[in-house]
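These notes are about the structure you will find just below.
What you are looking at is a predicted structure, and each value in this text was computed from that prediction instead of being measured. Note that these values count all heavy atoms, side chains included, but never hydrogens, waters or copies made by symmetry.
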Amino acid sequence: QVQLVESGGGSVQAGGSLRLSCAASGSTYRTQCMGWFRQAPGKEREGVAVFDTAGGRIYYGDSVKGRFTVSQDNSKSTLFLQMNSLKPDDTAMYYCAAADGWVVCSGLVSRPYENNYWGQGTQVTVSS
């Protein structure tokens, strides 16, 4: 089992920045992909960014490319999401998730429910 705990959400004005953190624990050695996903009220859950933990590649959703950046600490136990130039459309609950088994990390951006493990989420609200 893998446990994921997000932190760092909050309220910010448009154009501002926030940094989210996801602390992973448990059988993290089994995870092949870790990423950030979000869900706004009345909308489908969407992929923000997915990190291939083995190869180091990162896959971003089209709506955040150039504004959001994913990174991992040296111990590989924490995943970060740096969000710059925030827009009101970025308002959502942000979730950290991880996948093990036979998954293709790039595919998780469009198929978020293939993740096996989810955090409880952290709210991000961007005002205009």
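- Within the 4.5 Å cutoff, side-chain heavy atoms of Ser17 are placed close to those of Gln82.
- Of the possible donor and acceptor atoms, none in the side chain of Thr125 sits under 3.5 Å from a partner among the backbone N and O of Ser11.
- At most 12 heavy atoms of other shown residues, nucleotides or ligands fall within 6.0 angstrom of atom CD in Gln13.
- Between Ala92 and Ala40 the shortest heavy-atom distance is CB-N, 3.8 Å.
- Atom-to-atom distance recorded for Leu81:CG and Cys22:SG is 10.5 Å, nearest 0.5 angstrom.
- Heavy-atom minimum distance, Pro88 versus Ser128: CG-CB, 3.9 Å.
- At least one side-chain heavy atom of Met34 sits less than 4.5 Å from a side-chain heavy atom of Cys96.
- Once rounded to the nearest 0.5 Å, the distance linking CZ of Arg67 with OG of Ser85 reads 7.0 Å.
- Following chains of ILVMFWY side-chain contacts shorter than 4.5 Å, one cannot reach Leu86 starting from Phe80, and the two form parts of different hydrophobic clusters.
- Proximity of Met83 to Asp90: side-chain heavy atoms (C-beta onward) are nowhere separated by under 4.5 Å.
- Counting heavy atoms from C-beta on, the side chains of Thr69 and Tyr60 come closer than 4.5 Å.
- Salt-bridge annotation for Lys65 and Asp62: present, with a side-chain N of the basic residue lying under 4.0 Å from a carboxylate O of the acidic one.
- Separating the OG atom in Ser77 from the CD atom in Gln72 is a distance of 8.0 Å, to the nearest 0.5 Å.
- Using cut-offs of 30° and 60° on the angle between ring planes, the pair Trp118 and Tyr95 is perpendicular.
- Between Ser21 and Thr78, the shortest heavy-atom distance links the atoms CB-CG2, 4.3 Å.
- For Thr91 (side chain) and Val126 (main-chain N/O), a donor-acceptor pair under 3.5 Å exists by modelled atom type.
- Connection of Val2 to Val103 is not established within any shared hydrophobic cluster, with ILVMFWY side chains joined at heavy-atom distances below 4.5 Å, either directly or through further cluster members.
- The hydrophobic cluster containing Val70 does not contain Met93, counting ILVMFWY residues as joined when their side-chain heavy atoms lie under 4.5 angstrom apart, directly or transitively.
- Side-chain contact annotation: Asp100 with Thr31, donor-acceptor N/O pair under 3.5 Å absent.
- Side-chain contact of Arg19 with Ser7: a donor-acceptor pair under 3.5 Å is absent, judged by distance alone.
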| task | Go through Tyr117 and Gln1 one step at a time and tell me if the side-chain contact (heavy atoms from CB on, under 4.5 Å) criterion holds. | result | CA-CA 8 Å; Tyr117 309 101; Gln1 289 292 319; 3.7 Å; yes
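- For the pair Glu6/Trp36, a side-chain contact is recorded, criterion being any heavy-atom separation below 4.5 Å from C-beta on.
- Under the 4.5 Å side-chain heavy-atom criterion for Ile, Leu, Val, Met, Phe, Trp and Tyr, Phe51 and Phe37 are members of distinct hydrophobic clusters.
- Looking at every heavy atom in both residues, Val109 comes nearest to Pro112 through O-CD, 4.2 Å.
- Glu46 contributes no side-chain N or O that, together with a main-chain N or O of Gln39, makes up a donor-acceptor pair within less than 3.5 Å.
- Without hydrogens or angle criteria, Arg57 side chain to Thr53 main chain gives no donor-acceptor distance under 3.5 Å.
- Counting heavy atoms from C-beta outward, Arg38 and Lys43 have side chains that stay 4.5 Å or more apart.
- No path of Ile, Leu, Val, Met, Phe, Trp and Tyr side chains, each step under 4.5 Å between heavy atoms, connects Phe68 with Val50, placing them in separate hydrophobic clusters.
- You'll find the side chain of Leu108 reaches within 4.5 Å of the side chain of Asn115, heavy atoms only.
- Note: Asp52 CG to Cys33 SG = 6.0 Å, rounded to the nearest 0.5 Å.
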